[in-house]
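Everything on this sheet refers to the single structure shown next.
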Amino acid sequence: MKIFVLGGDGFCGWPTSLHLSKLGHDVTIIDNLSRRNIDNELEAGSLTPIRPMGTRLKTWQEGTGRTLRYENLDIASNYHRLLTLIGEQRPDAIIHFAEQRAAPYSMKSSWHKRYTVNNNLNATHNTLAAIVESGVDVHLVHLGTMGVYGYGTAGMKIPEGYLPIEVTTDDGEKIRQEILYPANPGSIYHMTKTQDQLFFAYYAKNDGLRITDLHQGIVWGTNTVDTMADERLINRFDYDGDYGTVLNRFLMQAAVGYPLTVHGTGGQTRAFIHIQDTVRCLQLAVENPPERGERVKILNQMTETHRVRDLAQLVADTTGATIEHVPNPRKEDAENELHVKNDLFLDLGLEPTTLQQGLLDEVTNIARHYAHRANLDKIPCTSTWTREQRPGAPQAAPRHKETV
Ligand SMILES: NC(=O)c1ccc[n+]([C@@H]2O[C@H](COP(=O)([O-])OP(=O)(O)OC[C@H]3O[C@@H](n4cnc5c(N)ncnc54)[C@H](O)[C@@H]3O)[C@@H](O)[C@H]2O)c1
């Protein structure tokens, strides 16, 4: 298959590109390197020494004899170049990772909110509009997030995208249907992903586009078998307060002797998936497209759920690290349950890689090996979800219940 990987220089996109290339697909990476520029802005780079794109491609070619193509392109602003590439190359599938993906980064300031909205919504919409305008029958596979569902459930398992409902008409007839699960975004970043869902529903309905939307959990781990093959292929590892995601951040903190910073009570339950399973899920999604005219195919791309304080305890028990509770920068319930269906990927043959000691050790070893590259000042999360949460901000008056 001819496959475009939008965002193929990133944490999920790079190992996915290698995996698909190894399987014999003709892969073109499209990436504007904005994530590397954000490293410059935040003065916090990947813990692992990721190489320039040219070195990555040359190393892959030398090691496997396979060619990965690369286009440096901002898909949110350079619509016509994207359209031309789709028209000329006629890809069978486009995998879309190319969005600003950190919730804390999206909440840093009004500039960061606007950047995230402009980038993510235009990236997704330009891709959809270009597929329609090109007339090419492309299967679009998008990386969404479990966060579109919000983090609470009404005691039920979160279904895969669609909620069965029953409505009673004026005549008393009961009609059953499935609607998109009500969106409940917890940050500007998550809000862009909920908007993406509406774009997809519209383009699938109006233009018959074939679209798969993967609601992914938090990805942990660093390398896949392919990125481990040569140090010059190494994957990125984010540990800073904006981009570092929870389990990887704990493992890195333990490795450099920094207390594990648990936000709030640590009672938040989150969904997780290992990076090796991410690339396998992408392969399964690409190989199993929906039919033309079918509704958007939504799959929950996660393998397990864990409470944050339990993860901190697990890492502390195995490494001897200490745990420190810090104020939660997010605006969310202190505790939540999360039960999630993931039958669709299991039915397609996914064999989940669950949290095993060996894999935790792999991340810890990577973190120890590159610990000298860490800037410990960058570990705390400095973003806050509201003005009142900013250090030194006047506290909002306590809310009183209405008495009437
Ligand atoms: N990492 C996770 O834990 C996680 C969890 C759930 C969902 N996701 C989703 O998976 C996708 C990939 O995440 P990631 O962790 O690899 O992020 P990442 O930031 O490492 O990679 C995203 C890549 O997209 C590129 N990009 C961004 N905007 C672009 C644009 N306008 N034009 C061209 N390239 C652009 C960036 O330069 C970067 O290389 C994201 O959409 C994210 O929301 C990630």
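Predicted model, so just to flag it, every value in this text is computed and none were measured. For ligands, and for the atoms within them, numbers begin at 1 and follow the listed sequence. Residue numbers start at 1 and run along the sequence shown.
- Within 6.0 Å of NZ in Lys205 there are 12 or fewer heavy atoms belonging to other residues, nucleotides or ligands.
- In this structure, His215 and Tyr149 have perpendicular ring planes: the angle between them is above 60°, well past the 30° mark.
- Annotation: Glu291, atom CD; neighbour count of heavy atoms from other residues, nucleotides and ligands within 6.0 Å does not exceed 12.
- For residues 63-104, the pairs satisfying ring pair (Phe, Tyr, Trp, His ring centres under 6.0 Å) are His96-His142, with sequence neighbours left out.
- Residue pairs meeting the ring pair (Phe, Tyr, Trp, His ring centres under 6.0 Å) criterion with at least one member in residues 217-237, sequence neighbours excluded, are Trp220-His274.
- With sequence neighbours left out, Thr145 forms a side-chain hydrogen bond (donor to acceptor under 3.5 Å, both in side chains) with no residue at all.
- Within 4.0 Å of ligand 1, contacts by protein heavy atoms are made from Gly7, Asp9, Gly10, Phe11, Cys12, Asp31, Asn32, Leu33, Ser34, Arg35, Leu73, Asp74, Ile75, Ala76, Phe97, Ala98, Glu99, Arg101, Asn119, Leu143, Gly144, Tyr189, Lys193, Gln216, Gly217, Ile218, Val219, Arg236.
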